[in-house]
Amino acid sequence: MTSFFPVVRTADIPPPTIDFFLGQTFAYSNDHSGTEPCLVVIGTAEDAQDPTTATEAGLARDLPPSQFIGLSPAEVSAKLGEPANRYFVIVDERSVEDDTVLLVHTMYFDEEGNEIIIKEGELPVVQSVRATGVSAQATLVALDVGSLGIEELQSIANDSERGVYGIPDLASEGPKQGGEAPRKLLGAEE
């Protein structure tokens, strides 16, 4: 069974930016791991409950308005609820500038395996890492199956020149308003 991951817009994102992001991440994920699209761009928390299909690239103009504008990752997590939405993507103002996204993990257990109890009125504990848009889906799938950890991604991002996890330089190149992205191979020299 495919896990679907919500994509939340916390800023007013132009449809071409969403389409470019979805097209890149779906193509990369399919080419490198054979993973079918599993990202669902949502407008409300209810949209994230039991989705059956991913959002198709090229249809962003038809998306409903986002009710998450201006919210922090912890506030978004609180609205999404648990446990189906343990991992999600935030597309924000920076996404428009550099084709990166925020990958967010809602923590339900601490490092020792103890359940984190969230009291009434408190926000959930979240961890996040800035990642290239192209690597978002493949990274979420790896996180979900446990082959990567969020701390590992944070460490890699912290060691990178731009503070971003993912394929080097791809996020800083290519069209900003839709169109075809240049093909890059991991580790390829220019």
Closer than 3.5 angstrom, by distance alone: can the side chain of [X] be matched with the main-chain N or O of [Y] as a donor-acceptor pair?
X	Y	answer
Gln154	Ser128	yes
Ser155	Glu151	no
Thr55	Val41	yes

Looking at Arg9 and Asp92, is there a salt bridge between them, counting it only when a charged N and a carboxylate O are closer than 4.0 Å? no

Where do [X] and [Y] come nearest, in terms of heavy atoms and distance?
X	Y	value
Ser29	Thr35	OG-CB, 3.3 Å
Glu152	Ser147	OE1-O, 4.5 Å
Arg94	Arg162	NH2-O, 3.9 Å
Ala45	Phe68	N-CZ, 3.6 Å
Phe4	Ala54	CE2-N, 3.5 Å
Gly166	Ser135	CA-OG, 3.7 Å

Got a second to check how far [X]'s [atom1] is from [Y]'s [atom2], nearest 0.5 Å?
X	Y	atom1	atom2	result
Ile90	Thr100	CD1	OG1	12.0 Å
Glu56	Leu39	CD	CG	13.0 Å
Ile42	Lys79	CD1	NZ	11.0 Å
Leu140	Leu148	CG	CG	10.5 Å
Leu80	Gln49	CG	CD	7.5 Å
Leu59	Asp19	CG	CG	7.0 Å

Parallel, tilted or perpendicular, judged at 30° and 60°: which one describes the rings of Tyr87 and His105?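 Aromatic pair Tyr87/His105 classed parallel.
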
If we only count heavy atoms from C-beta on, is the [X] to [Y] side-chain gap below 4.5 Å?
X	Y	value
Leu102	Pro73	yes
Val96	Pro14	yes
Arg86	Ser77	no
Ile69	Ser66	yes
Thr132	Asp99	no
Thr10	Val76	yes
Ile13	Phe21	no
Thr139	Val141	no

Would you say the side-chain atoms of Glu75 and Ser72 include a donor-acceptor pair closer than 3.5 Å? yes

Any side-chain donor near an acceptor of the partner, Thr25 and Gln137, under 3.5 Å: no

Side chain to side chain contact (heavy atoms under 4.5 Å, CB included) evaluation trace for Thr106 with Phe88: CA-CA 9 Å; Thr106 303; Phe88 60 94; 3.7 Å; yes

Please assess Ile150 against Val129 for the test side chain to side chain contact (heavy atoms under 4.5 Å, CB included), listing each intermediate value before the final yes or no. CA-CA 7 Å; Ile150 196 84; Val129 64; 3.9 Å; yes

If you count every heavy atom of other residues, nucleotides or ligands that lies below 6.0 Å from Glu122 atom CD, does the total exceed 12?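 Enclosed.
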
Count the heavy atoms of every other residue, nucleotide or ligand shown that sit under 6.0 Å from CG of Asp12, and state whether that count exceeds 12. no

Stepwise side chain to side chain contact (heavy atoms under 4.5 Å, CB included) test for Asp47 and Val40: CA-CA 8 Å; Asp47 296 343; Val40 180; 5.8 Å; no

